[in-house]
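Worksheet: one structure, shown below.
Hydrogens, waters and symmetry mates play no part in the numbers below; they use all other heavy atoms, side chains included. One is the number of the first residue; the rest follow in order along the sequence.
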Amino acid sequence: MTAKVSYDAVEVGTELPAQTFPVNRADLIRYAGASGDFNPIHWNEKFAKEVGLPDVIAHGMFTMAEAIRVVTDWTGDPGAVADYGVRFTKPVVVPNDDKGALIEIAAKVAAKLDDDARTVRVDLTATSEGQKVLGMARAVVRLA
């Protein structure tokens, strides 16, 4: 696969389509099984509260993975992501109800890095319940 977005057609400030991703307790259990991260703060409400959390929280890597989907959906190619990093700033609290939580992602092209490599830096903003949950979320992406 190759990116469907042309480097020449992208300008600094280009906004990627924002997306909202729902997350519920069942998603966390599935992610725990896939990742091998069975820390009880991600599935046991009693334990999470005993260690000072408001409730069960989503895995940080789950949140990070949901956020980069905005970029991979935009490019049409997950392999276009050359580098990706975040800082975890707040947890995504996932209540045990019919709604769960929402992770809201916005992103924009912050810089054109290298004309020869056709790379751009995309800055992402991830929030849940009005709180920023990822800081310094940035991806370097190779475009067509």
Side-chain angles (χ1 to χ4, degrees), residues 1-7 9-114 118-144:
M1 293 179 82
T2 58
K4 296 176 183 172
V5 178
S6 168
Y7 178 85
V10 172
E11 297 180 18
V12 171
T14 299
E15 293 187 12
L16 284 60
Q19 294 188 50
T20 299
F21 301 101
V23 56
N24 60 43
R25 298 277 179 95
D27 295 324
L28 300 182
I29 297 299
R30 283 190 290 276
Y31 184 83
S35 69
D37 181 353
F38 292 100
N39 187 324
I41 64 173
H42 303 303
W43 57 270
N44 184 318
E45 185 173 332
K46 180 178 179 287
F47 183 85
K49 289 182 176 182
E50 284 175 355
V51 298
L53 295 168
D55 207 331
V56 165
I57 63 170
H59 302 74
M61 296 300 287
F62 176 90
T63 304
M64 188 177 175
E66 292 290 76
I68 198 65
R69 287 176 57 190
V70 169
V71 176
T72 60
D73 288 353
W74 175 64
T75 65
D77 180 9
V81 177
D83 188 40
Y84 177 46
V86 306
R87 290 195 179 145
F88 301 107
T89 57
K90 298 253 185 212
V92 174
V93 178
V94 182
N96 190 18
D97 60 18
D98 295 342
K99 298 175 190 171
L102 296 175
I103 303 170
E104 299 166 319
I105 312 297
K108 68 178 178 178
V109 174
K112 291 184 96 167
L113 301 176
D114 185 344
R118 304 179 73 75
T119 56
V120 298
R121 189 185 87 221
V122 176
D123 291 355
L124 298 98
T125 302
T127 60
S128 183
E129 294 290 317
Q131 300 274 331
K132 193 171 181 180
V133 296
L134 298 177
M136 299 294 290
R138 295 179 172 173
V140 174
V141 184
R142 282 186 212 95
L143 299 179

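No side-chain donor-acceptor contact under 3.5 Å links Trp43 to the backbone of Leu28.
For the pair Thr2/Thr75, no side-chain contact is recorded, criterion being any heavy-atom separation below 4.5 Å from C-beta on.
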Run the side-chain donor-acceptor check on residues 137-144: report pairs under 3.5 Å with partners two or more places apart or on a different chain.
none

Enumerate, atom names and distances included, each donor-acceptor pair closer than 3.5 Å involving a side-chain atom of residues 83-94, sequence neighbours excluded.
unit_1: Tyr84; atom_1: OH; unit_2: Met64; atom_2: O; d: 2.8
unit_1: Thr89; atom_1: OG1; unit_2: Lys132; atom_2: O; d: 2.8
unit_1: Thr89; atom_1: OG1; unit_2: Val133; atom_2: O; d: 3.3
unit_1: Thr89; atom_1: OG1; unit_2: Leu134; atom_2: N; d: 3.4

Donor-acceptor contacts, no H, no angles, side chain residues 54-63, under 3.5 Å, sequence neighbours left out:
unit_1: Asp55; atom_1: OD1; unit_2: Arg25; atom_2: NH2; d: 2.7
unit_1: His59; atom_1: NE2; unit_2: Asp37; atom_2: O; d: 3.2
unit_1: Thr63; atom_1: OG1; unit_2: His59; atom_2: O; d: 3.2

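Residues meeting the side-chain hydrogen bond (donor to acceptor under 3.5 Å, both in side chains) test with Asp123, sequence neighbours left out: Arg121. Taking Gln19 as the reference, Asp73 meet the side-chain hydrogen bond (donor to acceptor under 3.5 Å, both in side chains) condition, with sequence neighbours excluded. Applying the side-chain hydrogen bond (donor to acceptor under 3.5 Å, both in side chains) test to Asp27 and every residue at least two apart in sequence or in another chain returns Arg30. Qualifying side chain to side chain contact (heavy atoms under 4.5 Å, CB included) partners for Pro22, counting only residues two or more places apart in sequence or in other chains: Leu102. Considering only residues two or more places apart in sequence or on other chains, Tyr7 meets the ring-ring contact (aromatic ring centres under 6.0 Å, His included) condition with none of them. Under the rule for a side-chain hydrogen bond (donor to acceptor under 3.5 Å, both in side chains), the partners of Lys46 that lie at least two apart in sequence or sit in another chain are Glu50.
Ala126 approaches Ile105 most closely through the heavy-atom pair CB-CD1, 3.4 Å. Considering every non-hydrogen atom in both Gly33 and Phe38, the closest pair reads CA-CZ, 3.6 Å.
Applying the side-chain hydrogen bond (donor to acceptor under 3.5 Å, both in side chains) definition to pairs two or more places apart or across chains, those involving residues 99-114 are Glu104-Thr127.
Annotation: the span from Arg69 atom CZ to Leu124 atom CG amounts to 13.0 Å, rounded to 0.5 Å.
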